[in-house]
Student: 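Sharing a structure below in structure tokens format, with a few things to ask.
Chain letters run A, B, ... following the sequence lines, proteins first and then strands; every chain starts at 1. Please read all numbers here as calculations on a predicted model, not as lab measurements. Heavy atoms only: backbone and side chains are in, while hydrogens, waters and symmetry mates are out.
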Amino acid sequence: MSKLVIYNTLTRRKEVFEPLNPPHVGLYVCGPTVYGDPHLGHARPAITFDLLFRYLKHLGYKVRYVRNITDVGHLENDADEGEDKIAKKARLEQLEPMEVVQYYTERYHSAMRLLNALSPSIEPRASGHIVEQIELVKKIIANGFAYERNGSIYFDVVKYNKKHTYGILSGRNIDDLMANTRQLEGQDEKQNPFDFALWKKALPQHIMRWPSPWSEGFPGWHVECSVMSTKYLGEPFDIHGGGMDLLFPHHECEIAQSVAANGKQAVRYWMHNNMITINGQKMGKSLGNFITLEELFTGSHKLLDQAYSPMAIRFFMLQAQYRSTLDFSNEALQAAEKGLARLMAANRQLDRIKPSTTSSIQVNLIKEKVYEALNDDLNSPVAIAVLFDWVRQINLLAEGKESITEFDLHELKSFFRTIVFDVLGLEDEQTSGTKHAELTGKLIDMLLSIRLEAKQRKDFATSDKIREELARLGVIVRDRKDGFDWELE
RNA sequence: GGUACCGUGGCCGAGAGGUUAGGCAUUGGUCUGCAAAACCACGUACAGCGGUUCGAAUCCGCUCGGUACCUCCA
């Protein structure tokens with residue numbers, strides 16, 4: 001069998017994945033800043049790295065998956081007057097910042113659960129690691145790569161670049177950054193515009209603040225990930241993931257911080273999922289195409305023709321490779337919805353296949369091809385294409401037009417289901433959950449209206465039969481003048 | 001303007017020098033009391049223009065268009 005190969009953003013190449021301490025794998029993924037409802041942009045990394053998490057486990061690795069909750073917020077912009085996103089939201093809504101954090105964290109969790117994204121092994125919060133963040137800043141200062149201005153600490157990119165290389169992840173070089181950045185006059189405390197904050201002194205309007213040796217304030221943008229990833233995964237650790245939008249400056253700065261503090265990089269493989277567009281356009285609040293997951297699941301957005309189930313969204317995302325941009329449109333989502341239904345129907349057909357004494361198909365091929373696809377940088381679309389080849393085979397088997405031995409049938413069932421449910425993380429919504437419950441009520445109503453028609457024809461044999469059968473299932477039927485009523489026992 | 005990347009049939013989306021990706025939609029057929037499902041058949045698509053090559057969607061150059069981040073602007 002081929003080996004798992006993943007695309008490392010750092011080297012811009014596909015590399016064979018070799019964990020540092022097999023069978024253990026450390027995986028860190030940048031999680032949400034919990035100051036707003038989870039939206040489409042949150043779904044892509046969640047599903048991408050959920051697939052990775054599931055596949056690594058399937059391959060037999062013991063994975064520690066760490067995904068942070070950013071509850072300290074990021075500055076609105078790089079300038080001094082920037083305000084913490086969470087603090088701003090809290091001020092506007094007159095809440096404690098941690099109330100905002102709690103509310104949106106729960107919203108995020110429930111959306112992830114609907115998408116069937118497994119919970120991470122550890123979900124650390126930035127606010128719970130202020131002490132460690134201060135320690136990291138101290139270390140960077142001690143090594144001479146940071147300077148203080150009025151109680152704030154900044155990373156000295158120019159000095160760092162003399163000894164190391166800034167920009168290795170994003171492919172930027174500091175001379176270009178210099179050439180393309182006009183020095184802003186005014187109150188900017190930074191020596192250079194591309195220096196970044198490690199610690200910010202809190203202004204009076206900042207309501208989230210912690211004591212530190214330099215000032216009462218809060219940690220800079222990038223410190224939390226450097227701290228929490230290595231605290232729980234060691235240094236170095238295997239995989240750091242996130243969206244491509246975080247590549248620069250966030251991940252670039254994480255690398256600089258690690259090297260400045262410890263003289264070496266903390267991450268062995270960097271993985272970045274690509275972004276989502278809507279009707280070919282980027283998603284943005286100002287563009288009116290900003291869709292939350294709740295709007296997607298209920299269909300309550302003007303761009304949506306209908307509601308799309310969480311599984312339809314998940315399947316749709318898996319039909320594209322994670323490093324490609326993915327375009328959302330009603331047409332594309334409806335196509336995914338139908339494709340998923342076909343896949344699930346085939347799964348149910350598996351139970352109708354009767355074994356024979358010989359096999360006319362080669363079951364081993366499905367394994368080989370699926371593993372080959374997933375090993376190639378998680379090429380889920382190709383893996384799904386292989387599954388669809390087998391959907392046809394399964395349908396032919398169910399119709400008795402192909403034959404399969406009992407042994408092969410067992411292999412096929414078990415492998416098909418392992419990949420579909422355990423690795424791809426899909427669910428058959430038709431046989432589980434809310435849709436099912438909703439349907440039950442409608443079915444009972446339908447049966448009772450057929451019974452009513454029978455009664456009106458004086459076909460009491462049929463009407464009694466329906467009532468008795470329902471009673472046996474625990475449905476109590478009561479006749480009324482204007483029709484019927486029922487309740488569950 | 002800088003950096004990275006992308007443009008594939010009606011739609012979504014794999015592939016990456018020579019052989020059918022796949023899904024959805026459309027069309028014809030088989031099956032069927034009707035319908036649905038299923039199965040079978042059908043699509044020479046790779047932004048444009050040059051170049052390299054026996055051969056390019058796949059490599060190189062230019063042009064056009066798009067995306068993300070940075071910058072600029074607010």
Student: Taking atom C1' in both rA21(B) and rG43(B), compute the distance separating them and give it to the nearest angstrom.
Tutor: 14 Å
Student: Taking atom P in both rC60(B) and rA4(B), what distance in whole Å separates the two?
Tutor: 14 Å
Student: Starting at CZ of F388(A) and ending at P of rC24(B), how long is that distance when rounded to a whole Å?
Tutor: 6 Å
Student: Can you list every stem that RNA chain B is part of, counting only runs of 3 or more consecutive Watson-Crick or G-U wobble pairs with both distances under 3.5 Å?
Tutor: B:1-7 with B:64-70, B:10-12 with B:22-24, B:27-30 with B:38-41, B:47-51 with B:59-63
Student: Tell me the interatomic distance from L169(A), atom CG, to rC69(B), atom C1', rounded to whole angstroms.
Tutor: 12 Å
Student: How about K3(A) and Y371(A): does a side-chain donor come under 3.5 Å of a side-chain acceptor?
Tutor: no
Student: For D305(A) and rC24(B), what is the distance between atoms CG and P respectively, to the nearest whole Å?
Tutor: 19 Å
Student: Map R44(A) and F315(A) onto RNA chain B by nearest heavy atom, then report which one ends up closer to the 5' terminus.
Tutor: R44(A)
Student: Examine Y7(A) together with H272(A) and report whether their ring centres are nearer than 6.0 Å.
Tutor: no
Student: Just to be sure I understand the rule, does L340(A) reach a base, reach only the sugar-phosphate, or reach nothing, if contact means heavy atoms closer than 4.0 Å?
Tutor: nothing
Student: Could you give the distance separating rG55(B) and rA47(B) at their C1' atoms, to the nearest angstrom?
Tutor: 22 Å
Student: Classify A332(A) by what it touches in the nucleic acid, base, sugar-phosphate, or nothing, heavy-atom distance under 4.0 Å.
Tutor: sugar-phosphate
Student: Is any side-chain nitrogen or oxygen of N379(A) closer than 4.0 Å to OP1 or OP2 of rA14(B)?
Tutor: no
Student: When the nearest nucleotide of RNA chain B is assigned to A320(A) and to L247(A) on a heavy-atom basis, which residue is associated with the more 5' position?
Tutor: A320(A)
Student: R342(A) side chain N/O closer than 4.0 Å to the phosphate oxygens (OP1, OP2) of rC24(B)?
Tutor: yes
Student: Is a side-chain donor or acceptor of Q133(A) paired with a backbone partner of A126(A) at a separation under 3.5 angstrom?
Tutor: yes
Student: For nucleotides rA45(B) and rU19(B), find the distance between their P atoms and express it as a whole number of Å.
Tutor: 14 Å
Student: Taking atom C1' of rU3(B) as reference, at what distance in whole Å does atom NE2 of H272(A) sit?
Tutor: 14 Å
Student: Tell me whether the guanidinium CZ or amine NZ of R44(A) lies under 6.0 angstrom from the six-membered ring centre of Y322(A) and within 45° of its axis.
Tutor: no
Student: Between E18(A) and R268(A) (salt bridge meaning N to carboxylate O under 4.0 Å), is one present in this structure?
Tutor: no
Student: In plain terms, say whether E15(A) and R13(A) are close enough for a salt bridge, that is, a side-chain N and a carboxylate O under 4.0 Å apart.
Tutor: no
Student: Indicate, with a heavy-atom threshold strictly under 4.0 Å, whether Q321(A) touches base, sugar-phosphate, or nothing.
Tutor: sugar-phosphate
Student: Would you say rA14(B) has OP1 or OP2 under 4.0 Å from some side-chain N or O of S324(A)?
Tutor: yes
Student: Are H410(A) and F415(A), when compared by the centres of their aromatic rings, separated by less than 6.0 Å?
Tutor: no
Student: Could you tell me how far apart D376(A) (CG) and rA16(B) (C1') are, to the nearest whole angstrom?
Tutor: 12 Å
Student: Is K338(A) near enough to rA25(B) that one of its side-chain N or O atoms lies under 4.0 angstrom from OP1 or OP2?
Tutor: yes
Student: Round to a whole Å and report the spacing from CE of M244(A) to P of rC5(B).
Tutor: 9 Å
Student: Can you tell whether the side chains of D389(A) and K369(A) come within less than 4.0 Å, N to carboxylate O?
Tutor: no
Student: Roughly how many Å apart are rC39(B) and rG23(B), using the P atom of each and rounding to a whole number?
Tutor: 9 Å
Student: Under a 4.0 Å N-O cut-off, is there an ion pair linking R54(A) with D422(A)?
Tutor: no
Student: Any side-chain N or O of R12(A) less than 4.0 Å from the OP1 or OP2 oxygen of rC5(B)?
Tutor: no
Student: Considering only the C1' atoms, how many Å lie between rC46(B) and rC59(B), rounded to the nearest integer?
Tutor: 16 Å
Student: Output the rounded distance in Å from CG (L397(A)) to P (rA38(B)).
Tutor: 15 Å
Student: Taking atom P of rG66(B) as reference, at what distance in whole Å does atom CG of N274(A) sit?
Tutor: 17 Å
